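Heads up, the thing below is written out as structure tokens.
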Amino acid sequence: MPKSRIRKKDEFTPPPAKKAANISLTAGRSWVAPLMLALFLIGLAWIVVFYVTTGDLPVQSLGNWNIVVGFGFIAAGFVVSTQWK
């Protein structure tokens, strides 16, 4: 039986190390968290004031639509939250 040839294997050389990128989490997005929280709180306060005053405030002419306005503020807070990094 003939003997098979032994192939030389190249020595392993690790790939060059990658430089870590500096990521700034607050650059240009510092307005997102305060605005998001403000919208949440305004929406919550709008709904609470509507229920506590039995529909007289914040806008009496809107009637039960005040609840929709409050949830609109809260929904806007969720929309703004998608910009948070």
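Please read all numbers here as calculations on a predicted model, not as lab measurements.
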Should [X] and [Y] be regarded as members of a common hydrophobic cluster, given that ILVMFWY residues are connected when their side-chain heavy atoms come within less than 4.5 Å of each other, either directly or indirectly?
X: Leu57; Y: Ile42; result: no
X: Phe78; Y: Val32; result: yes
X: Leu41; Y: Val49; result: no
X: Trp31; Y: Phe40; result: yes

Quick one: side chains of residues 62-74, donor-acceptor pairs under 3.5 Å with protein atoms, not counting sequence neighbours, listed by atom name and distance.
from, atom 1, to, atom 2, distance (Å)
Asn66, OD1, Trp46, NE1, 3.2
Asn66, ND2, Val59, O, 2.8
Asn66, ND2, Gly63, O, 2.9

Original post:
To which residues is Val52 joined in a hydrophobic cluster, defined by side-chain heavy-atom contacts under 4.5 Å among Ile, Leu, Val, Met, Phe, Trp and Tyr, whether direct or through other members?
Top reply: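 So far as hydrophobic clustering goes, Val52 is joined with Leu44, Val48.
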Subject >> Partners meeting side-chain hydrogen bond (donor to acceptor under 3.5 Å, both in side chains) with Gln60 (sequence neighbours left out) >> reply: none
Subject >> Heavy-atom closest contact (Ser81 atom, Met36 atom, distance) >> reply: CB-SD, 3.1 Å
